[in-house]
Participant: 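Have a look at this one before I ask anything.
Position 1 is the first residue of the sequence, and the numbers go up from there. We use all heavy atoms of the structure for the numbers below, so side chains are in, but hydrogens, waters and symmetry mates are not. None of these values were measured; they are calculated from a predicted model. In each ligand, atom 1 is the first atom listed, and ligand 1 is the first ligand listed.
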Amino acid sequence: MTASLPKAELHCHIEGATPPALALSQAHRYGVDTSAFIRDGAYVWHDFTSFVAAYDATANLFRTEEDYALLAETYLGGIAAAGAIYGELIVSPDQGEAVGIGADAYVRGLAEGAARAKARSGIETRFIVVGIRHFGPERVVKAAEYAARKPHPLITGFNLAGEERMHRVADFSRAFDIARDAGLGITIHAGELSGAFSVRDALDHVRPSRISHGVRAIEDADLVRRLAGEGVVLEVCPGSNIALGVFPDFASHPLRTLWQAGVRVTLNSDDPPFFHTSLAREYEVAATEMGFSGAELVAMTRTAIEAAFVDAPTREKLLARL
Ligand SMILES: Nc1ncnc2[nH]cnc12
Ligand SMILES: [Zn+2]
């Protein structure tokens, strides 16, 4: 039903998009035992902490520039084949440091993969540098300083992810000030593992144009009105929310209610194989289980392009493809 619709994605953590088969072939290459986090060809975790452990173990299977090129090319090629014309990847310079190649080589590798995918399919890509909340405010400042130096033209935004229940948003305002002053687009994980207060803190302390998730704003009607009034775009990831138990099922997911309240929403996959989803499945589930029409789903794609961290000519070109 939704296979032929044009799609766009604003929220996908690139290491979290590793297909298990690719993780296994990388593990074979480097002689890594994956039995703690991949079983029967699927990722194994049971809560946010064990998800992060499985995510980190998977990320550590990519160790060279070419490994990252393969990862980005695989993911972007896959979503392009499913109808995506635009995909933003959340990238972590800390990961380049963790595997010893450094942030620049990490970004170069991902950019090479993005270039290969674009040459094949035309998909446009940008990178959002992420600071990891549970690494603490100082490390997040370092990530922001890295992004602010604009080490690669595909880096156009800054995000904060990780354990939302650690620290308060205000602890990260300096990092966001650095990123904003450098002209980067601003988004922040909020209202996923923590409630409406976290979304309000994000609006007050970070002034983002988008919020990663934000769905728990639904707990506060005034806040929903504020999001709609200010035109803040939510990067909604329903499959992720169900997998992590933020909501029990699609029937109780607030996407439809937020849409009806006039909040600008988009569809995203977050960490697709970890959450048994894909960008294509997010569109399909929105149609079959949440009652969105084809026209409404294309409107969400349009919202994603309108909110994308791209220059004006690129935005116009993408809008013309809808
Ligand atoms: N769903 C999520 N929430 C917070 N941090 C993340 N990092 C990767 N996936 C995440
Ligand atoms: Zn995320």
Participant: Under 3.5 Å, is there a donor-acceptor pair linking the side chains of D311 and T314?
Facilitator: yes
Participant: Which residues pass the ring pair (Phe, Tyr, Trp, His ring centres under 6.0 Å) test with F309, not counting sequence neighbours?
Facilitator: none
Participant: What residues come within 4.0 Å of ligand 1, counting heavy atoms only?
Facilitator: H13, F48, F51, A161, G162, H189, E192, H213, D270, D271
Participant: For residues 19-31, tabulate all N or O donor-acceptor pairs below 3.5 Å that involve a side-chain atom, not counting sequence neighbours.
Facilitator:
unit_1 : atom_1 : unit_2 : atom_2 : d
S25    : OG     : L22    : O      : 3.0
Q26    : OE1    : R29    : NH1    : 3.4
Q26    : NE2    : L61    : O      : 2.9
Q26    : NE2    : D67    : OD1    : 3.4
Q26    : NE2    : D67    : OD2    : 3.3
R29    : NH1    : D67    : OD1    : 3.0
Y30    : OH     : D67    : OD2    : 2.6

Participant: For the Zn ion (ligand 2), which protein N/O/S atoms are closer than 2.8 Å?
Facilitator: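 Listed by chain and number: H11 NE2, H13 NE2, H189 NE2, D270 OD1.
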Participant: Can you name the closest pair of heavy atoms from A196 and D220 and give their distance?
Facilitator: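 Here A196 and D220 meet closest at CB-CB, 3.8 Å.
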Participant: Check I242 against H253 and note the closest heavy-atom contact, atom names and distance.
Facilitator: CD1-CD2, 4.3 Å
Participant: H11 and H213: aromatic ring centres closer than 6.0 Å?
Facilitator: yes
Participant: Using ring centroids (six-membered ring only for Trp), state whether Y283 and F292 fall under 6.0 Å.
Facilitator: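 For F292 and Y283, the ring centres are not under 6.0 Å apart.
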Participant: Can a donor-acceptor pair be found between the side chains of S269 and Y75 at a distance below 3.5 Å?
Facilitator: yes
Participant: Does a donor on one side chain sit under 3.5 Å from an acceptor on the other, for D33 and S35?
Facilitator: yes
